[in-house]
Amino acid sequence: MTALAQGRRFASRGVVQGFGFRPFVYRLAHAHGLKGWVRNTSWGVEIEVVGEEAALARFARGLREEAPPLACIEALESEPIEQPALYTSFEILHSEAQAGEYQLVSPDIATCPDCLREIMDPRDRRYRYPFTNCTNCGPRFTIIEAIPYDRPKTTMKAFAMCPACQREYDDPLDRRFHAQPNACPVCGPHLTLVDCQGRALAERDEALREAERLLREGAIVAIKGLGGFQLACDATNEAAVARLRVRKRRPHKPFAVMMADVETIAHHAVLRAEEHGLLVSPAAPIVLLERRLESDLAPSIAPGSHVIGVMLPYTPLHHLLLSDLRLPLVMTSGNVSEEPIARENEEALRRLGQIADAFLVHNREIYARYDDSVWFVPVGGPQPVRRARGYAPFPLRLPFLARPILGCGAELKNTFCLTRDAYAFLSQHIGDMENLETEAFWQEALALYQRLFDISPEIIATDMHPDYRATRLGRRMPGRHVAVQHHHAHLAACLADNQSLEPAIGVILDGTGYGLDGHIWGGEFLVGDGRGFCRAGHLQYMPLPGGDQAVRHPARLAWAYLRTLAPNEAERLDLGLGATERQVLEAMLARGVGTPWTSSAGRLFDAVSALLGVCREASYDAQAAIELEMIAQPGMSTEPYPFEIALIGAPQVWGKPPVTVTEGFEVRLAPLFEGILAERRQQAPLGAIAWRLHRTVAEMILQACTRLREETGLERVALSGGCFQNRLLLELTVPLLEAAGLKVLLHRQVPCNDGGLALGQVVIAHNALEGA
Ligand SMILES: [Zn+2]
Ligand SMILES: [Zn+2]
Ligand SMILES: [Zn+2]
């Protein structure tokens with residue numbers, strides 16, 4: 001070391017472990033002739049370098065400009081060292097687990113171009129090896145049992161590396177330096193094809209070839225993927241897809257399709273730049289695309305819909321399957337109906353034995369269940385619909401420092417959320433909490449997150465609905481409890497998603513949420529923020545005969561809406577209801593037995609869908625509304641139907657809202673229904689009526705928001721709730737609000753549906769107990 005040597009210490013925050021950041025630093029230091037060290041800490045990476053001043057400056061620039069993109073560096077700080085030590089080399093120091101500290105854990109990442117090249121190259125030692133990975137790609141979250149992220153704490157501990165893999169693992173200049181899941185055909189996991197009794201039919205590459213033969217012949221093959229089993233079949237084979245529907249007991253809900261490359265996708269669907277960007281991103285999610293007429297996918301892939309969910313291969317196994325077969329494959333979660341995705345081989349045989357003809361399994365354990373993520377790109381930019389693989393457990397940043405809080409989430413599309421410092425760890429998609437299996441998955445995932453990120457929540461936030469399973473589980477946990485109103489949580493989630501907790505108007509349109517007055521809310525115009533809200537307005541209350549049951553029977557809803565809004569028409573219109581069913585409904589309505597009241601926007605769409613005969617019985621959530629959106633076409637009149645905004649007295653208030661209104665309003669629906677019925681009598685095309693309904697809801701939103709702006713001065717409008725997965729509704733609403741000078745906040749990192757709810761719950765719980 002010369003007398004000219006100077007030293008500098010760098011600290012970079014938010015670096016994700018396992019993405020080759022330390023080897024990158026090592027190579028950079030070597031390139032500039034610097035000595036010192038790099039090491040992981042709980043909050044990021046620390047570097048100390050010593051050398052000539054000019055080299056230090058080049059090193060600092062390199063750190064900023066050349067870092068691997070997946071390392072997600074949030075901040076890089078540096079300071080000079082007064083008396084630099086006399087290092088003789090540059091080293092990567094071992095990280096040590098320290099009590100109370102935690103590291104960010106990477107999501108699983110789609111196969112990188114380098115690994116893909118290797119598995120397709122007959123001269124490479126990893127040719128056709130389905131478990132190839134490196135520091136830039138492969139499994140992470142699904143194999144981690146505990147931190148720090150080291151091989152003995154992953155499900156790869158069962159596989160001892162061969163000398164060739166070990167050499168790569170130990171070489172800081174290798175792409176596989178400290179790649180914990182590093183493996184090859186000699187030492188790593190391998191495939192087996194088994195029948196429904198679990199008897200092995202073939203091993204290794206022969207297993208893959210045999211599975212491909214079965215798929216080509218129209219069989220259903222259960223494939224063990226990254227975060228659980230997937231059910232695959234030829235997506236162009238109508239008989240195979242129809243058989244999968246029957247066996248999986250899923251008559252209508254669309255299936256996702258995996259396609260070999262972007263060119264194939266562009267042949268089947270309209271592909272725009274932002275959608276393309278999502279498909280090829282390291283997360284490689286399912287993206288909802290507009291299907292092309294010339295696509296030869298089986299019609300029963302997505303009955304009643306011109307939208308298809310498409311993804312690219314994201315593991316070497318998928319790449320090999322797709323490139324061998326040259327066929328689009330249905331790739332749907334390995335479960336029956338709404339149960340969680342099957343994870344282990346035994347479990348898959350037990351639960352999927354009636355569905356799959358064969359099982360392509362492997363001997364690497366999956367630690368965390370992990371469904372495919374789903375995105376769509378409506379007006380305003382990309383939004384997630386389901387957040388899991390490729391995203392969780394990477395945290396969202398909160399615009400404040402939080403105490404340890406648990407948000408338990410909702411009943412449907414459940415995710416939970418844990419906070420620590422300025423991080424919100426939103427869990428991967430857990431699913432519908434309708435059965436004990438999902439409840440067990442929720443508990444198992446929560447325990448893992450608490451362990452990985454060392455969080456013991458002091459505050460438990462639950463939905464106000466007393467019967468939600470997540471609420472009941474949360475209430476049993478020790479700590480201080482905050483009951484959060486469902487639509488308030490949607491509003492807060494949208495604000496946090498946009499990194500700003502300033503007060504806003506919240507237009508929350510969804511299916512179901514427990515209201516402050518004990519009724520079922522769902523068409524809500526709120527003003528507020530994380531501290532509280534005022535329910536400034538809502539859609540008119542309508543009867544919901546049979547409560548949640550009505551969701552599956554839109555025809556009963558249509559009847560109840562007509563009976564209330566246009567009593568004479570209910571008798572005249574044929575809604576496909578039998579005489580007995582009508583009598584029962586009549587009695588329920590007359591006595592109010594089993595008939596809660598709802599202001600739900602989702603139910604309004606359902607009722608009109610059934611009224612028009614588009615969908616009278618629904619087999620999955622929001623089916624009637626989706627099919628209504630699908631047929632919508634602008635017709636002769638593009639004017640909204642009439643509706644009435646009526647004042648109804650003092651609004652309900654919760655917490656300490658920064659703004660309130662003196663008198664609340666209700667959007668009355670009778671004129672709307674009269675308009676629809678009149679058009680029906682004139683034989684207007686159903687698509688035109690469907691379109692005008694969407695236009696009318698957009699107009700309701702506009703009028704409500706301009707009115708609330710006048711009263712409160714608020715100019716920001718947060719759009720949240722599951723109804724905003726409706727692309728047409730967004731297309732009609734957002735420009736209308738913007739033209740009126742309002743600033744629209746849409747979701748961007750968490751779903752607008754109940755999958756984002758837990759984020760709002762923790763924000764509200766934080767505010768409710770702040771200073772308390
Ligand atoms: Zn790779
Ligand atoms: Zn090996
Ligand atoms: Zn909701």
Side-chain angles (χ1 to χ4, degrees), residues 12-16 43-44 72-77 102 104 380-384 387 391-409 415-427 449 453 455 457-461 482 484-485 487-508 526-534 654-659 712-721 742-752 755-772:
S12 80
R13 196 179 58 200
V15 177
V16 185
W43 42 266
C72 298
I73 299 168
E74 285 181 353
L76 181 66
E77 287 150 21
Y102 66 108
L104 300 187
Q383 293 194 36
R387 187 180 176 277
Y391 301 93
F394 197 70
L396 303 146
R397 270 196 89 77
L398 293 168
F400 55 85
L401 282 175
R403 283 190 277 181
I405 307 170
L406 167 66
C408 294
T415 61
F416 59 78
C417 186
L418 282 162
T419 57
R420 181 166 179 171
D421 303 333
Y423 290 127
F425 295 91
L426 188 69
S427 76
Y449 276 68
F453 308 112
I455 302 173
E458 294 165 8
I459 302 165
I460 314 292
V482 180
V484 179
Q485 200 281 320
H487 303 94
H488 185 207
H490 274 300
L491 168 60
C494 189
L495 297 179
D497 199 347
N498 283 277
Q499 290 284 310
S500 161
L501 295 179
E502 295 297 307
I505 299 166
V507 178
I508 317 299
L526 314 178
V527 293
D529 61 11
R531 290 168 288 178
F533 75 97
C534 164
W654 184 89
K656 300 190 188 90
V659 277
T712 63
L714 296 175
E715 299 208 312
R716 303 192 319 150
V717 178
L719 301 183
S720 190
L742 291 153
K743 164 113 181 68
V744 179
L745 304 178
L746 298 168
H747 281 277
R748 42 194 73 242
Q749 305 172 80
V750 305
C752 66
L757 204 77
L759 176 65
Q761 292 176 337
V762 298
V763 169
I764 293 164
H766 169 83
N767 280 284
L769 296 180
E770 202 179 25

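Positions are given from 1, in the same order as the sequence printed here. Quantities reported herein were computed from a predicted structural model and do not represent experimental measurements. Reckoned from all heavy atoms, side chains included, excluding hydrogens, waters and symmetry mates.
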*Verdict with supporting geometry, L769 and V482, side chain to side chain contact (heavy atoms under 4.5 Å, CB included)*: CA-CA 9 Å; L769 296 180; V482 180; 3.9 Å; yes
*Check against side chain to side chain contact (heavy atoms under 4.5 Å, CB included), F416 and S427*: CA-CA 5 Å; F416 59 78; S427 76; 3.5 Å; yes
Evaluate the side-chain proximity of [Y] to [X]: yes if any heavy-atom separation is below 4.5 Å, no if none is.
X    : Y    : result
L491 : I508 : yes
I405 : P457 : no
P657 : R531 : no
K743 : V717 : no
P503 : L714 : yes

To the closest 0.5 Å, what do you measure between [atom1] ([X]) and [atom2] ([Y])?
X    : Y    : atom1 : atom2 : result
L426 : L759 : CG    : CG    : 6.5 Å
L406 : I460 : CG    : CD1   : 5.0 Å
H490 : Q485 : NE2   : CD    : 9.0 Å
L501 : L495 : CG    : CG    : 6.0 Å
S720 : L745 : OG    : CG    : 10.5 Å
F533 : H488 : CZ    : NE2   : 6.5 Å

Could you tell me whether the side chain of [X] and the main chain of [Y] form a donor-acceptor pair under 3.5 Å?
X    : Y    : answer
Q499 : L398 : no
R420 : R403 : no
D497 : Q749 : yes
T415 : G755 : yes
D421 : A402 : no

*Centroid-to-centroid, Y449 to F425, below 6.0 Å?*
no
*Going by the angle between their ring planes, with limits at 30° and 60°, are F400 and H766 parallel, tilted or perpendicular?*
parallel
*side chain to side chain contact (heavy atoms under 4.5 Å, CB included) between I764 and W654: does it pass, once the steps are laid out?*
CA-CA 11 Å; I764 293 164; W654 184 89; 3.6 Å; yes
*Side chains of R716 and S500, donor plus acceptor under 3.5 Å*: yes
*Honestly, is R397 close enough over Y423, meaning NZ or CZ under 6.0 Å from the six-membered ring centre and within 45° of the axis?*
yes
